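Encoded as structure tokens, the structure appears first; notes follow it.
Just so it is clear, the structure is predicted and the values come from calculations on it, not from any experiment.
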Amino acid sequence: MTVEIRPLRTEEELELAIRLEASCYPPAAAASPEAFRYRWERFPSYFLSAWDGPQLTGIANGVLTNARDCSDVGLKKTHGGTPDGERLCILTVAVAAERRGRGIGAALLRALIDAAASGGRRGVMLMCQRPLIGWYRQAGFRETGAVYDEHGGMRWHEMVLPLAQPR
């Protein structure tokens with residue numbers, strides 16, 4: 001894999017990220033442009049992108065929160081999260097269809113986990129569809145069960161990854 005993982009830098013890159021999200025999720029489940037802008041402006045260290053030269057190939061982002069799970073609807077909108085939250089709630093991991101299966105999503109996920117760990121967070125959590133449970137397990141997450149959140153008209157499963165606390 002020869003991609004560069006880094007935070008988004010410009011408004012133009014944010015627009016590309018919004019389009020990539022829309023191409024990877026059903027319309028009801030994709031984040032709104034306003035939610036993406038909110039995440040990018042308030043949690044820039046947790047809004048990562050993967051680039052192959054000038055081409056955006058993947059994105060991953062989330063917000064910090066003190067919530068114990070991701071079912072809080074506010075986390076997915078334009079007002080969720082808290083700058084000093086003890087957990088990272090990952091809200092997007094998306095890779096361009098023609099680039100899937102090359103480790104880009106795993107690299108983005110690892111970079112978010114590393115950012116949360118180096119930021120002193122207690123853990124990382126996310127919601128995913130049933131077919132992705134095994135993929136997240138490979139990254140160290142464990143399933144805590146179905147989440148009663150019909151975001152996007154889909155059933156979600158909560159996954160958590162506790163992080164070691166600094167001594």
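- Taking 4.5 Å as the limit, some side-chain heavy atom of Leu108 sits within range of a side-chain heavy atom of Ile5.
- Considering only heavy atoms from C-beta on, Phe141 comes within 4.5 Å of Ile113 through its side chain.
- Side chains of Glu143 and Glu158 form no contact here, defined as non-hydrogen atoms less than 4.5 Å apart.
- Separation of atoms OG1 (Thr92) and CG (Leu48) is listed at 11.5 Å; rounding is to 0.5 Å.
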Test Arg37 against Glu11 for salt bridge (charged side-chain N to carboxylate O under 4.0 Å, His left out), laying out the working first. CA-CA 9 Å; Arg37 176 168 299 285; Glu11 294 280 336; 2.6 Å; yes
Pair Val3, Arg99 - check side chain to side chain contact (heavy atoms under 4.5 Å, CB included), show working. CA-CA 11 Å; Val3 298; Arg99 298 301 299 266; 4.0 Å; yes
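- The CG atom of Leu16 lies 11.5 Å from the OG1 atom of Thr57; values are rounded to the nearest 0.5 Å.
- A 4.5 Å side-chain heavy-atom check between Leu91 and Tyr46 finds every atom pair outside the cut-off.
- Residues Cys128 and Leu126 form a side-chain contact, since some pair of their non-hydrogen atoms from C-beta on lies under 4.5 Å apart.
- Here the side chains of Val124 and Val160 are not in contact, with every heavy-atom distance at 4.5 Å or above.
- Side-chain contact between Phe36 and Asn61 is present, with heavy atoms from C-beta onward closer than 4.5 Å.
- No option in Arg6, Glu4, Arg9 other than Arg6 meets the side-chain contact (heavy atoms from CB on, under 4.5 Å) test with Ser49.
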Taking it one step at a time, do Glu86 and Arg121 satisfy salt bridge (charged side-chain N to carboxylate O under 4.0 Å, His left out)? CA-CA 5 Å; Glu86 59 185 25; Arg121 308 299 164 213; over 6 Å; no
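- Partner of Leu88 under the side-chain contact (heavy atoms from CB on, under 4.5 Å) criterion, out of Val63, Leu64, Leu161: Leu64 alone.
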